[in-house]
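When a ligand or atom number is given, it counts from 1 through the structure's own listing order.
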Amino acid sequence: MDGLARYAGVIPEFDRFVEAIYRPLPVTARINALKTDRDRLLSRLKVAEVACRPFAWYPWGMRMGTDKPGNLVENLMGHIHIQEEISMVCAVVLDPRPGERVLDLCAAPGSKTTQIAMMMENRGLLVANDPANGRVASLRSNCERAGAINVAVTRYDGRRFPAQKFDRVLVDVPCTGQGMARKDPAVLGRWSLKRSLGIQRLQVALLKRGVEVVKPGGTVVYSTCTFAPEENEAVVSRVLDQVRGLSLQEVCVPDLQGSPGLSEVGGSAFGEEMKRCARYYPHQNDTGGFFVAKLVKE
Ligand SMILES: C[S@@+](CC[C@H](N)C(=O)[O-])C[C@H]1O[C@@H](n2cnc3c(N)ncnc32)[C@H](O)[C@@H]1O
């Protein structure tokens with residue numbers, strides 16, 4: 001079962017999970033308050049006979065009844081950003097405020113960067129970092145289209161991001177992407193334990209740098225779009241072991257169904273506190289899959 005069989009008995013309602021993961025994803029987008037007014041945008045789409053249904057848990061996100069949202073003039077003008085529903089949860093958990101200094105350590109192509117800029121109302125400083133040349137071009141163009149003018153793009157290897165102090169840091173790391181299977185089923189065939197373990201070292205180093213550059217009292221959100229505990233709880237628990245003065249906070253988004261992080265699996269114990277992390281599975285909200293952890297520096 002393409003690397004999923006190992007989750008039987010781990011993922012709740014496993015049969016429903018498997019059934020959901022082979023269904024195509026609903027088309028979803030985020031309304032961009034930097035460029036448009038929500039009610040006006042929704043009325044315009046209604047006039048254009050594009051069905052839209054805002055999410056119960058997040059008023060800026062919506063399901064759309066069109067196969068080609070990329071062709072909509074609202075997308076070309078940056079009034080909406082096509083974004084998978086569950087990926088919007090990371091910025092919600094990060095909770096950036098206008099006027100703050102925020103770092104998006106692995107930012108390209110910028111779905112979460114543009115969402116964060118919107119939440120910051122374009123005020124303060126948002127550093128969007130990503131070392132990948134080609135992907136940075138999309139990051140820049142997405143920021144421009146979204147009208148995100150408080151963003152500075154940098155191209156550091158996140159493990160060596162220069163010493164700075166931020167109020168909040170998002171560490172949305174590269175991962176094996178099993179949670180994207182509904183968009184690209186080939187990810188399941190590419191998954192192997194060796195690949196998860198191979199990328200873990202980079203994930204740990206990126207999260208460590210994230211917590212180093214956040215101010216005391218600041219928040220770091222770690223996220224992946226994979227189910228593999230090797231890339232999720234194992235990474236967070238290793239960083240908690242290695243860096244003093246961090247606390248793991250409960251991730252709970254009202255009206256969005258999720259499961260607690262895993263305290264142990266397959267002989268590996270990660271600790272009870274890992275239950276404060278959140279796992280979002282495709283069958284719970286009819287979305288992709290995500291893992292989200294929230295750390296606060298004392
Ligand atoms: C999951 S994607 C980020 C998606 C992005 N946050 C968004 O919402 O559009 C992970 C990103 O990590 C970047 N990356 C890979 N190695 C990195 C490193 N050493 N430091 C920082 N970013 C890295 C990749 O180029 C990729 O763009």
Side-chain angles (χ1 to χ4, degrees), residues 25 28-30 32 58 60-61 70 75 78 80-94 96 102-120 126-146 148 151-162 164 166 168-181 183-184 187 190-191 195-196 198-213 220-228 231-232 235 239 280 287-293:
L25 269 179
T28 57
R30 176 172 47 77
N32 178 18
Y58 187 52
W60 302 103
N75 178 54
I80 61 169
H81 181 89
I82 298 159
Q83 185 176 353
E84 209 279 288
E85 174 168 352
I86 203 63
S87 89
M88 298 181 204
V89 78
C90 306
V92 171
V93 174
L94 187 70
V102 179
L103 170 64
D104 187 354
L105 193 61
C106 312
S111 289
K112 300 178 192 75
T113 304
T114 50
Q115 186 183 1
I116 293 168
M118 171 178 117
M119 294 170 80
M120 295 173 75
L126 171 53
V127 178
N129 178 73
D130 203 294
N133 235 337
R135 292 173 68 88
V136 163
S138 326
L139 171 64
R140 286 188 206 280
S141 70
N142 278 328
C143 287
E144 193 169 324
R145 195 158 43 89
V151 180
V153 174
T154 59
R155 284 195 31 219
Y156 293 103
D157 180 328
R159 292 169 289 190
R160 289 182 276 284
F161 192 88
Q164 302 270 334
F166 293 93
R168 297 174 205 262
V169 181
L170 175 62
V171 187
D172 183 41
V173 292
C175 71
T176 54
Q178 292 173 313
M180 302 292 283
K183 196 169 164 193
D184 174 17
V187 294
R190 287 197 293 270
W191 183 85
R195 284 194 66 221
S196 276
I199 205 166
Q200 189 187 64
R201 184 196 287 256
L202 173 63
Q203 294 165 334
V204 168
L206 288 169
L207 179 53
K208 275 177 87 171
R209 194 61 192 148
V211 299
E212 281 163 5
V213 298
V220 178
V221 168
Y222 174 81
S223 56
T224 76
C225 58
T226 203
F227 308 117
E231 303 176 57
N232 294 328
V235 170
V239 171
Y280 296 102
T287 62
F290 247 82
F291 170 87
V292 184

List ligand 1 atoms under 4.0 Å from [X], heavy atoms only on the residue side.
X: Leu202; answer: 19 (N)
X: Ala132; answer: 25 (O)
X: Arg135; answer: 2 (S), 25 (O), 26 (C), 27 (O)
X: Pro109; answer: 9 (O)
X: Leu105; answer: 21 (C), 22 (N)
X: Leu206; answer: 18 (C), 20 (N), 21 (C)

Side chain, backbone, both or neither: the part of Leu170 lying under 4.0 Å from ligand 1 by heavy atom: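 None of Leu170 does.
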Side chain, backbone, both or neither: Ala107 near ligand 1, heavy atoms under 4.0 Å: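 Near ligand 1, Ala107 shows its backbone, while the atoms from C-beta on stay back.
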More than 12 heavy atoms from other groups under 6.0 Å of CZ on Arg155: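 Enclosed.
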Gln164 atom CD: more than 12 heavy-atom contacts under 6.0 Å: yes
Does [Y] offer a backbone N or O that forms a donor-acceptor pair with the side chain of [X] under 3.5 Å?
X: Gln83; Y: Ala29; result: no
X: Arg135; Y: Gly110; result: no
X: Gln203; Y: Pro174; result: yes
X: Asn129; Y: Cys106; result: no
X: Arg209; Y: Leu105; result: no

When you measure from [atom] to every protein heavy atom, which one gives the shortest distance, and what is it?
atom: atom 16 (N) of ligand 1; answer: Pro174 CG, 4.0 Å
atom: atom 19 (N) of ligand 1; answer: Asp157 OD1, 2.9 Å
atom: atom 13 (C) of ligand 1; answer: Asp130 OD2, 3.3 Å
atom: atom 4 (C) of ligand 1; answer: Ala108 O, 3.1 Å
atom: atom 12 (O) of ligand 1; answer: Cys106 CB, 3.3 Å
atom: atom 6 (N) of ligand 1; answer: Asp172 OD2, 2.7 Å

Nearest heavy atoms of Phe227 and Gln178, plus distance in Å: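 Shortest heavy-atom contact: N-OE1, 3.3 Å.
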Least distance between heavy atoms, Ala146 atom then Thr114 atom: CB-CG2, 3.7 Å
Residues Ser223, Phe291; criterion side chain to side chain contact (heavy atoms under 4.5 Å, CB included); working and verdict: CA-CA 5 Å; Ser223 56; Phe291 170 87; over 6 Å; no
Selected option - heavy-atom contact closest to atom 17 (C) of ligand 1, from Gly110, Pro131, Ser223, Gly158: Pro131
Selection from His81, Lys112, Gln83, Arg159 by shortest heavy-atom distance to atom 8 (O) of ligand 1: Lys112
Short N or O distance, Tyr156 and ligand 1, threshold 3.5 Å exclusive: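 In this structure, Tyr156 places no N or O atom under 3.5 Å from an N or O of ligand 1.
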Val173 near ligand 1 by a heavy-atom separation under 4.0 Å: yes
Steps toward ring-ring contact (aromatic ring centres under 6.0 Å, His included) verdict (Phe290, Tyr280): CA-CA 5 Å; Phe290 247 82; Tyr280 296 102; 8.2 Å; no
